[in-house]
**Q** 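Shown below is the structure under consideration.
Per chain, numbering begins at 1; letters A, B, ... match sequence-line order. None of the values given here were measured: they were computed from a predicted structure.
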Amino acid sequence: MNVAQVLVPTVVQFFADKYSLSISESEITFQTTRKEFEGDLTLIVFPFLKKVKETPEALGKAIGEYLCSHHAQIAKFNVIKGFLNLSFSHRLWIETLIQLAQQENYGVFPSNGEKVMVEYASPNTNKPLHLGHMRNIFLGDSLANILKANGYQVMKVNLVNDRGIHICKSMLAYQKFGKGETPHTTGIKGDHFVGNYYVLFEQENKKATAELFEQYKNIFPDENPETLAEKAAKESPWLLEAQQMLRKWEEGDPSTLQLWRTMNSWVYEGFEATYRKMGVEFDKTYYESQTYLLGKAVVEEGLAKGIFFKKEDGSVWIDLTSEGLDQKLLLRADGTSVYITQDLGTADMKYADFPMQKSIYVVGNEQDYHFKVLKLILQKLGRSYADGIFHLSYGMVELPSGKMKSREGTVVDADDLIEEMVQIARQRTRELGKIDDFDNAQAEALYQMLALGALKYYLLRVDPRKKMLFNPEESIDFQGDTGVYLQYTHAKIAAILRRASLEGISYSLETLRALEQLSQQEIELIELLQFYPQRVKEAAQEYAPSVIASYAYELAKAYSRFYAELSIFNEPDLLRRHFRIELSAQTARVLRAALHLLGIQAPERM
RNA sequence: GACCCUAUAGCUCAACUGGAUAGAGCAACUGCCUUCUAAGCAGUAGGUUGCAGGUUCGAUUCCUGCUAGGGUCACCA
C-alpha cells in the first residue's frame, strides 16, 4: 500500500527521536486492518518490544500519536494488544478514487523490455480435448494476459504432439475399420472422429491381448501369469502392427504419411473449432513432427563437451546422480530420439525464434521430474535462456472416481462440457426472462459468454499448483463464488451507467473533492480498487491467475453490498450521487480488466 | 525401496508469504423484491487446520518424526 510506504520513514524517525534507536525498514510490517477492527492500516508493534521496554499498548499509542501529528492523511488510531490500527481521512480515500480514475491504463504496467514465451495446450492428435486440457489452456491463456499487463512482450505457443505410436493406433484402426468414412460424410467433428478410432484400437488390442494370454497359459503352464500377461501385451498383433506403422512413418513411407496428414488435418479442424469456442488463440504452433529430430545435434554437442556419455550399446546418457537425480537416457542405442531429446532441440528452436528472458511451460505436475532434468541439462550446456525456464506445474483435475483416463473412457470431454454449460445458461436465462428483447444471435452470444465464464472461473479460481476435483454429477454453479456472479455484477453496474448517461448526468472529477464524508461500503470499495495493480503484479510473480480470480470476487462482493445497502439515484445529495456513479464506473472498469485477465467477457446486460 | 507433492467446516476452495477471534461459496435454517437486475443482500449454525513434538512474543504458514492419499523414478509422451 502506498500510504504504508509513506509512513515507514516516519516510524524509523520515531524510534530515532524518542529512543535514539535505529530501526531498519525491514522490521516494520504494515498490513491491512482486519474487517472486524476499526481502521484501514495496521502496524504490528510486537517486533519492537525487544528493543524498547514498553508494553505493546503504550508503545502503540506513542507511535500512533507520532504518526497522527506528522501525517494529515491519518485521521485517528486505536491500539488493541500489539496492533496499532490507523484510520485514514475520508479525504484521502476520495483523492485515491479520483487519482485512479484519471489513470488511462490502470493496472497495466509499462513495457519492461522483457520477452516471455508461454507454451500451453500441447495436445496429442489422437483424441479430443478434455477437462484436463481445459485447465491447462485457460491457465496458459490467462497467464499470458497477466504477463502482458505486467509489461512483458508475450509469445503464446502450442506444441502439438502429432507423431508417435498413439497416432499410429488411430491410423491403424481407421485403416481396418474406417471404410473410407470421413468427418464430413459422418458429420462427426474431426478430433472426435479420430478419437473414436483410437478407442476402437484400444478395445481390439485388449481383446487380442487377452486371447494371446490364454494361449500362452496353455503353452507355458508353469510360468508366472504376470510374466505371461506382460509378454502377451508386448506381443499383441495390434501393437506390433502399430509399431510397424510407426517405423514406416519414420522411413517416410508415402501412403503412411498421406494417411497421417489426412487424419491430423481432421483433428486440427476439430481443435480449431474448440479453441475458437474457448476464445483462445496462439501466436505460433510447433509440431513435434518438425522438431523431434532437432535434439540430436544437442546430444552431439553434449558428448563433445563431455557432459553426456555413451554406453557400450551406443545409447547416450547424462549422469545426474551428483544432483540427487538419476542417470537419464538422451538418445536410444539405435539413434532415435526420446521425449527429452526433442525438448532439448525444441528449446533451442524456441529461443532462436523469440529470444526470451523467460520461457514458461504449462504442463501437469506429473512431469515435474522431466522439467527438472530438462532445465538442469540446458544449464549444464550453458544455454543463456536456461535459468529463465519455468515449469508451471499444475495439479490434475480429478473425478470422484480418481484420475481421468482416456483409455477407460472416464474423461470429461471439452466440447460436451461446453455444450452442457451453454444449455444450462440458456435455460436459466430464459427462466429469468431478463433479456426477452434480445434477438437470437445476441441471446446465443450471451449464453456462450456465461457458459465459458462459469467454466473458466471454475478452473482458474483454484491455486494452479493444487489438484482439483470435478464432480460431473453436479453442474458448475451459477450462484455464489462463480464466474456468472462476476458477470452479473458487471451487468448491474452497466445498467447503472446506462441510466446515468440516459439522464444526462455529468460532472467533473475535480468537483468530487468537495465531498467530505463517505460510507463504510464506499471506503471498502475504494480500498479494493486501489489494490488492483498490486494483485496484477502478484499474479505474475506467483504465476497464478487464481490471485486475480479471488480479487475479482472480493471486488464484486464489495460492490454488491454497496449496491444493496446504498442508493444511487435516490440519494438526495447531488455530489454524493455523482461520487457513487463514479465509484460504480471505476468498479466496472477494474472488474472488466480483471475478468479480461482471466479470459472472461463481461456482458452489458444479462 | 528412493524422491517429489498434498492434507483446513458435511462438500469445493481461501487465508496478503510468521500476526488479532482461520474466511468464502455450496448444502441447511431465518429475514429482505411497490425503490437502480433477487444469477442478489443480510444473518444463524458448522473447525483440536491429518497426528505428535520443536523453533518464538505469536505457527494453517518454518523444522523434525509419524499417518493417509496422489505422483515420479520408462529405450511412452
**Q** Using a heavy-atom cut-off of under 4.0 Å over every strand shown, decide if L486(A) touches base, sugar-phosphate, or nothing.
**A** nothing
**Q** Just checking P47(A): base, sugar-phosphate only, or nothing, at a heavy-atom cut-off of under 4.0 Å?
**A** base
**Q** Counting only side-chain nitrogens and oxygens, does Y559(A) get under 4.0 Å of the OP1 or OP2 atom of U37(B)?
**A** no
**Q** Please encode protein proximity along nucleotides 30-35 of chain B as a string of B, S and -, counting only heavy-atom distances under 4.0 Å.
**A** -----S
**Q** Less than 3.5 Å apart, which donor and acceptor atoms pair up between the side chains of residues 572-581 of chain A and the rest of the protein, not counting sequence neighbours?
**A**
from    : atom 1 : to      : atom 2 : distance (Å)
D573(A) : OD1    : L575(A) : N      : 3.2
D573(A) : OD1    : R576(A) : N      : 2.8
R577(A) : NE     : E571(A) : O      : 2.9
R577(A) : NH2    : E571(A) : O      : 3.3
R577(A) : NH2    : P572(A) : O      : 3.2
R580(A) : NE     : E522(A) : OE2    : 2.9
R580(A) : NH1    : S567(A) : O      : 2.8
R580(A) : NH1    : E571(A) : OE1    : 3.1

**Q** Going by an N to O cut-off under 4.0 Å, is there a salt bridge joining D334(A) and R332(A)?
**A** no
**Q** Where does U17(B) land, syn or anti, given syn is within 90° of 0?
**A** syn
**Q** How does protein reach along nucleotides 6-12 of chain B, written 5' to 3' as B (base within reach of a heavy atom under 4.0 Å), S (only sugar-phosphate), or - (no contact)?
**A** -S----S
**Q** Does any residue of residues 446-456 of chain A have a heavy atom under 4.0 Å from RNA chain B, and if so, which ones, in number order?
**A** L450(A)
**Q** Just call it for R605(A): base, sugar-phosphate, or nothing, with non-hydrogen atoms closer than 4.0 Å on any strand.
**A** base
**Q** Would you call C33(B) syn or anti, using the 90° rule around 0?
**A** syn
**Q** At under 4.0 Å, does any side-chain N or O of K35(A) touch on OP1 or OP2 of C16(B)?
**A** no
**Q** If a pair means Watson-Crick or G-U wobble with both distances below 3.5 Å, what does RNA chain B look like in dot-bracket form, with | marking bases paired to a different strand?
**A** (((((((..((((.....[...)))).(((((.......))))).....(((((..]....))))))))))))....
**Q** Just call it for F37(A): base, sugar-phosphate, or nothing, with non-hydrogen atoms closer than 4.0 Å on any strand.
**A** base
**Q** Looking at every strand, decide which applies to Y488(A) at a 4.0 Å heavy-atom threshold: base, sugar-phosphate, or nothing.
**A** base
**Q** Got a sec: does the CD of Q601(A) have more than 12 other heavy atoms crowding it under 6.0 Å?
**A** no
**Q** Taking protein heavy atoms under 4.0 Å as touching, what does nucleotides 71-77 of chain B look like 5' to 3' if B marks base contact, S marks sugar-phosphate-only contact and - marks none?
**A** SSS-BSB
